Amino acid sequence: MAARNTVALSILVALFMLFFIGCAPETKVETRTQPVTEEQAAAEEVMTEVEATPPDQDEPQIETAQAAVEVEETSETVSPAVYTYKANDFFRKDYQFEQPTLKKSVKRATEVRSEIVFDYGVKDIDSDGNTTAKITIKSLKYKNVTDSNAGLEYDSADSADSRSALSQLIGQSYTIKISAAGKVTEISDVNAAREAVQYGPDATLAGRLLNDENIKLRHQILALPDDGYKSLNADSKWSRVVSSPKGVLLSKNHEKMYEVKKMINDARGELALVEMKAIPTSKSAEQSSPDAFNDFFDTNDDFYGQLLIDVNTGKVYEYRENFRSNYLAAQLPKQATDATKPDVLELAFVQEHSIELVE
């Protein structure tokens, strides 16, 4: 790769070290093993930003209902149904700076992952395909790792964590309304869950898990056309332009191209298998902020997703969306010879989200 001569690589290194480490929040979440470091606390903040950013430009804002959701007179008659889902979120940042002539190497890595298993109790489906559902938390796992050192770790299935205040979240519930296009439009009956962990450092994480934007991320399905799941057929294709996920090291716009790859008719019903592949684009997107550092890096993005859904009922069997971006910059040191190896800065960002039907 050609050396970068327009900017000193040392300046980029300093800037990205500051970005990577970030600033720790004033309140740190209690750990089970070791104290939370500044990098781990910063990762939790970035994870919250990632989850809190609407990836699609046309998503409506959540309207938190203070009273119980009213069932419209136009509602379809549906039999009560309860499905169990598992939602997984994974975030990782990698930083590596190699200086061969000085025999120096610096590596940093931060991972945050969460898993929430919940019951999805269908209360109503109106004539437009909007579904009202009661969500009940059944289990929770959360882990924050920096440079292979576990900071925050909680598992509701582990007896060693039974005394954690986070255990109060198990069994808590709230209600959502999700449109036929997969957007969460209302959240209600959530106050009791939010107040379950009121004191102590664990309340910080509980508050993040149950804020409006993270509830939205957990349940919304971004791989549906504006006309909703009932419009899906073997010929369906559509696209959206979005900005990079919040927290990405260098931002750019991507065009997400969706296509129904297969219609499946079996004992489960009439299902559509939707696949998404995104590519960088010069087209504009709302909330986009092109990064000045893009010109200094060779970049490689991998952005894709998949959805399996019943086109008659809107029942989701599987949904996932993964984003990975790698960055590479190199510069020869001063007074370099032909045999001198360049200083190299490598960065990586990974974000994965999935919802899977358990039973």
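Since the model is a prediction, treat every value here as computed from it, not as a measurement.
A salt bridge is absent between Asp128 and Lys230: the closest approach of a Lys/Arg side-chain nitrogen to an acidic carboxylate oxygen does not fall below 4.0 angstrom. The existence of a salt bridge linking Lys104 and Glu98 is excluded, since no basic side-chain nitrogen approaches an acidic carboxylate oxygen closer than 4.0 Å. Residues Arg194 and Asp212 are paired through a salt bridge, judged by an N-O separation under 4.0 Å between the basic side chain and the carboxylate. Salt bridge annotation for Asp94-Arg92: present, with a cationic side-chain nitrogen under 4.0 angstrom from a carboxylate oxygen. A salt bridge is defined here as a Lys NZ or Arg NE, NH1 or NH2 lying under 4.0 Å from an Asp or Glu carboxylate O, and Glu259 with Lys261 meets this definition. Look at Asp155 and Lys143 and you find no salt bridge, because none of the NZ, NE, NH1 or NH2 atoms lies under 4.0 Å from a carboxylate O. A salt bridge is absent between Lys134 and Asp124: the closest approach of a Lys/Arg side-chain nitrogen to an acidic carboxylate oxygen does not fall below 4.0 angstrom.
One side chain, His254 or Asp301, offers a donor N or O that lies under 3.5 Å from an acceptor on the other. Looking only at atom types and distance, the side chain of Tyr258 has a donor-acceptor partner in the side chain of Lys256 under 3.5 Å away.
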Take Arg320 and Glu352 through the test side chain to side chain contact (heavy atoms under 4.5 Å, CB included) and record every step on the way to the result.
-> CA-CA 8 Å; Arg320 63 184 66 253; Glu352 299 176 356; over 6 Å; no

Between Phe91 and Phe349, does a ring pair (Phe, Tyr, Trp, His ring centres under 6.0 Å) hold up when you go through it step by step?
-> CA-CA 8 Å; Phe91 165 84; Phe349 176 93; 5.4 Å; yes

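Contact between Leu232 and Ala272 at its shortest, heavy atoms only, is CD1-CB, 4.0 Å. Pairing each heavy atom of Gln172 with each of Ala196, the nearest pair is NE2-CB, 3.7 Å. Closest approach of Ala133 and Tyr120 over heavy atoms only: CB-CZ, 3.6 Å. Annotation for Glu153 and Asp161: closest pair O-OD2, 4.1 Å, computed over non-hydrogen atoms. For the pair Ser173 and Ala193, the tightest heavy-atom approach, listed with the atom from each and the gap, is O-CB, 3.9 Å. Contact record, Pro225 with Ser231: CG-OG, 3.6 Å, taken as the closest heavy-atom pair.
Separation of atoms CD1 (Ile116) and CG (Leu140) is listed at 5.5 Å; rounding is to 0.5 Å. Once rounded to the nearest 0.5 Å, the distance linking NZ of Lys315 with CG of Leu271 reads 9.5 Å. Within the model, atoms OG of Ser179 and OH of Tyr229 stand 10.0 Å from one another, a figure rounded to the nearest 0.5 Å. Ile355 contributes atom CD1, which lies 10.5 Å from atom CD of Glu321 (distance to the nearest 0.5 angstrom). Atom NZ in Lys252 sits 5.5 Å away from atom OG in Ser325 (nearest 0.5 Å). Atom OG of Ser282 and atom CG of Asn253 lie 8.5 Å apart (nearest 0.5 Å).
Side-chain heavy atoms closer than 4.5 Å link hydrophobic residues (I, L, V, M, F, W, Y) into clusters, and following such links, even through other members, never connects Met257 to Val242. Taking hydrophobic clusters as Ile, Leu, Val, Met, Phe, Trp and Tyr residues chained together by side-chain heavy-atom distances below 4.5 Å, Ile178 shares a cluster with Leu307. By the criterion of side-chain heavy atoms lying less than 4.5 angstrom apart, applied directly or through intervening Ile, Leu, Val, Met, Phe, Trp or Tyr residues, Val106 is grouped together with Leu345 in one hydrophobic cluster. Val117 is not connected to Ile176 by any chain of hydrophobic side-chain contacts under 4.5 Å among Ile, Leu, Val, Met, Phe, Trp and Tyr, and they are in different clusters. Leu217 and Tyr304 fall into different hydrophobic clusters, where Ile, Leu, Val, Met, Phe, Trp and Tyr side chains are chained together by heavy-atom contacts under 4.5 Å.
Side chains of Tyr319 and Leu222 form a contact here, defined as non-hydrogen atoms less than 4.5 Å apart. Annotation: side chain of Thr132 is in contact with side chain of Thr175 (closest heavy-atom distance under 4.5 Å). Side-chain contact between Asp119 and Ile135 is absent, with no heavy-atom pair separated by less than 4.5 Å.
Remark: of the listed residues Val260, Asp227, Leu224, Val311, Val260 is the sole one forming a side-chain contact (heavy atoms from CB on, under 4.5 Å) with Ser236.
Residues His219 and Tyr85 place their aromatic rings such that the two centres sit no closer than 6.0 Å. Note: Phe323 and Phe303 meet the aromatic proximity criterion, with ring centroids under 6.0 Å apart.
For the pair Arg268 and Tyr317, the cation-pi test (distance below 6.0 Å, angle within 45°) is passed.
Heavy-atom neighbours of Lys277 NZ from other residues, nucleotides or ligands within 6.0 Å: above the threshold of 12.
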